[in-house]
Amino acid sequence: MTTTATPAFGAVNKTSSNLCGITLMNDQVGHVIAEVMKDKPGVRITYLPSMIRVDAEHQVVFDYDELAEALGEEPGSFTSADLEESMSTHYGRMVHEDTRTIMFANPEDAAEYLGFDLVPADRSTSG
């Protein structure tokens, strides 16, 4: 049997959702991270059988010391590597700093935060 994709397949609405987030493993660390994040403004936690989704409006900050404390660890012990170990995927623009990870829904917001000037590409010179 052959199937053909129809024009309706894929993203029809190309406007920004203004959402960003991560998918955590459904394990002890994932549950602690979700518990810390659940009461933050604009954050929604969804528990699924094999994963935990953390979805946020516009931007979300994962503060490493806050996560370390919730895990019963010393300040400074939780890093971006620990977050990435518990995270299976993400969407949005991710910025790692020494003490936190910030997820941005829109690339323009991340570029502005980083001081990066987004300049439209001149496609007329490509060849």
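Excluded from the calculations below are hydrogen atoms, water molecules and symmetry mates; all remaining heavy atoms, backbone and side chain alike, are included. Please read these numbers as outputs of a predicted model, since none were measured by experiment.
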Side-chain polar contacts of residues 99-114 - donor-acceptor pairs under 3.5 angstrom, sequence neighbours left out - could you list them?
from   : atom 1 : to     : atom 2 : distance (Å)
Arg100 : NE     : Glu97  : OE1    : 2.5
Arg100 : NH2    : Glu97  : OE1    : 3.4
Arg100 : NH2    : Tyr113 : OH     : 2.8
Thr101 : OG1    : Tyr64  : OH     : 2.4
Thr101 : OG1    : His96  : ND1    : 2.7
Asn106 : OD1    : Ser16  : OG     : 2.7
Asn106 : ND2    : Asn18  : OD1    : 2.8
Tyr113 : OH     : Glu97  : OE2    : 2.4

Which side-chain N or O atoms in residues 29-38 pair as donor and acceptor under 3.5 Å with protein atoms at least two apart or in another chain?
from  : atom 1 : to    : atom 2 : distance (Å)
His31 : NE2    : Asn26 : OD1    : 2.6
Glu35 : OE2    : Lys38 : NZ     : 3.0

Report, one line per pair, each donor and acceptor closer than 3.5 Å where one atom sits in a side chain of residues 74-81; sequence neighbours left out.
from  : atom 1 : to    : atom 2 : distance (Å)
Ser77 : OG     : Glu73 : OE1    : 3.2
Ser77 : OG     : Glu74 : O      : 2.5
Thr79 : OG1    : Ala81 : N      : 3.2
Thr79 : OG1    : Asp82 : OD2    : 3.3

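Atom CG of Leu24 sits about 7.5 Å away from atom CD1 of Ile45, to the nearest 0.5 Å.
Side-chain heavy atoms closer than 4.5 Å link hydrophobic residues (I, L, V, M, F, W, Y) into clusters, and following such links, even through other members, never connects Met51 to Ile22. Follow the hydrophobic side-chain contacts under 4.5 Å out from Val43 and you never reach Val61; the two are in separate clusters.
In terms of heavy atoms, Met94 sits closest to Met87 at CE-CE, 3.5 Å.
Considering only residues two or more places apart in sequence or on other chains, Ser88 meets the side chain to side chain donor-acceptor pair (under 3.5 Å) condition with none of them. With sequence neighbours left out, Arg44 forms a side-chain contact (heavy atoms from CB on, under 4.5 Å) with Thr46, Asp55. Residues that satisfy the side chain to side chain donor-acceptor pair (under 3.5 Å) test with Gln59, not counting sequence neighbours, are absent from this structure.
For residues 18-29, no pair satisfies salt bridge (Lys or Arg N to Asp or Glu O under 4.0 Å), with sequence neighbours left out.
Other residues sharing a hydrophobic cluster with Leu19 under the 4.5 Å side-chain heavy-atom criterion for ILVMFWY residues are Tyr91.
In the displayed structure, Glu66 atom CD is contacted under 6.0 Å by more than 12 heavy atoms of other residues, nucleotides or ligands.
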